[in-house]
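So the structure is just underneath, and the comments pick up after that.
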Amino acid sequence: MATHGRRAAATAGTRRGIIEAARELLATREWQHFTIEAVASRAGVTRVTVYNQVRSKRGLLDAVLADLVDRAGMDQLLADTEHLSAGDACAEIVRRTCLFWHSERRLLRPLFGLAAVDHDVASILTQREEWRGNQMQRLVGRLTAETTSEPSLDQADVLAGVTAVTSFATYDALGAIADDPDRAAVLLNRVVRSLTG
């Protein structure tokens, strides 16, 4: 039993090292240098070890993005804010989203740019955005339920607007404002609240 535990810990440590090496390469090198071989070399493991952990370059990129989301707690935003009013939950979700975009900007900017020409990258980012859109749909539902005035926009239109306003592309387009995630969050929360009533 103890041997199995040590083996599992070693495997988890190897996976963590591979993901860290991949993350570093993505943030500091051009996409064509993001290879299984380069990640293996940086992580100090063999190509076979990388393949055993993630199966492919696409799997490696997906593992890096999943790790980013997990470490930032982005998958817990709704659960973390369910005790708040819808308005306060919205402000907190927008704030944490801005902090996430800001902290991972160096890695995400080239990936979102690359998505325009690389189908695999576009596909992975589209899946992530669909998941984020589902989270925004639940938030918009809460905001709509707490609004006493008659909605002036269709809920699908509101959702599309909120998802776009809270996207990385919008955050990154804020330029100098995005250098201060708290300032960006105030601005984007106002836009979101103007859409939701």
Hydrophobic cluster membership, with links at side-chain heavy-atom distances under 4.5 Å among I/L/V/M/F/W/Y: are [X] and [Y] in one?
X      : Y      : answer
Trp101 : Trp131 : no
Val162 : Leu99  : no
Leu114 : Leu60  : yes
Val117 : Leu107 : yes
Leu26  : Leu68  : yes

Can any side-chain N or O of [X] pair as donor or acceptor with the backbone N or O of [Y] at less than 3.5 Å?
X      : Y      : answer
Ser194 : Val191 : yes
His102 : Ala178 : yes
Thr35  : Ala38  : yes

side-chain contact (heavy atoms from CB on, under 4.5 Å) for Val50 and Glu37? Distances and angles first, verdict last.
CA-CA 9 Å; Val50 175; Glu37 293 79 10; over 6 Å; no
Looking at Asp179 and Arg105, is there a salt bridge between them, counting it only when a charged N and a carboxylate O are closer than 4.0 Å?
yes
Tell me, do [X] and [Y] make a side-chain contact under 4.5 Å, heavy atoms counted?
X      : Y      : value
Thr196 : Thr144 : no
Leu188 : Cys98  : yes
Val192 : Cys90  : yes
Trp31  : Val121 : yes
Tyr171 : Thr97  : no
Lys57  : Asp120 : no
Arg96  : Asp80  : yes
Arg95  : Asp182 : yes

What distance separates [X] [atom1] from [Y] [atom2], expressed to the nearest 0.5 Å?
X      : Y      : atom1 : atom2 : answer
Asp118 : Arg58  : CG    : CZ    : 9.5 Å
Glu130 : Gln137 : CD    : CD    : 12.0 Å
Glu30  : Leu25  : CD    : CG    : 12.5 Å
Gln53  : Arg15  : CD    : CZ    : 5.5 Å
Ile93  : Thr166 : CD1   : OG1   : 9.5 Å
Leu65  : Glu104 : CG    : CD    : 9.5 Å

Atom of [X], atom of [Y] and distance for their closest heavy-atom approach:
X      : Y      : answer
Leu125 : Leu111 : CD1-O, 3.6 Å
Arg42  : Thr28  : NH1-OG1, 4.3 Å
Ala89  : Arg142 : CB-NH1, 3.4 Å
Ile177 : Ala184 : CG2-CA, 3.8 Å

Side chain to side chain donor-acceptor pair (under 3.5 Å) partner of Asp62, the single match among Gln127, Arg128, Arg55
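For Asp62, the side chain to side chain donor-acceptor pair (under 3.5 Å) check succeeds only for Arg128.
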Applying side chain to side chain contact (heavy atoms under 4.5 Å, CB included) between Arg138 and each of Leu143, Leu77, Leu78, report the one that passes.
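With Arg138 as partner, Leu143, Leu77, Leu78 yield a single side chain to side chain contact (heavy atoms under 4.5 Å, CB included), made by Leu78.
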Go through Val140 and Thr163 one step at a time and tell me if the side-chain contact (heavy atoms from CB on, under 4.5 Å) criterion holds.
CA-CA 10 Å; Val140 167; Thr163 302; over 6 Å; no
Side-chain H-bond candidate by donor/acceptor type, Thr170 with Ser167, under 3.5 Å:
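Ser167 and Thr170 do have a side-chain donor-acceptor pair below 3.5 Å.
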Any donor-acceptor N or O pair under 3.5 Å, side chains Thr46, Thr49:
yes
Within a radius of less than 6.0 Å around CZ of Arg106, do more than 12 heavy atoms belonging to other residues, nucleotides or ligands occur?
no
Parallel, tilted or perpendicular: ring planes of Phe168 versus Phe112, cut at 30 and 60 degrees
parallel
Is there a side-chain contact (heavy atoms from CB on, under 4.5 Å) between Asp172 and Arg109? Walk through the geometry before answering.
CA-CA 8 Å; Asp172 199 40; Arg109 182 181 281 159; 2.6 Å; yes
Evaluate Val54 against Leu61 for side-chain contact (heavy atoms from CB on, under 4.5 Å), listing each step before the verdict.
CA-CA 9 Å; Val54 295; Leu61 178 57; over 6 Å; no
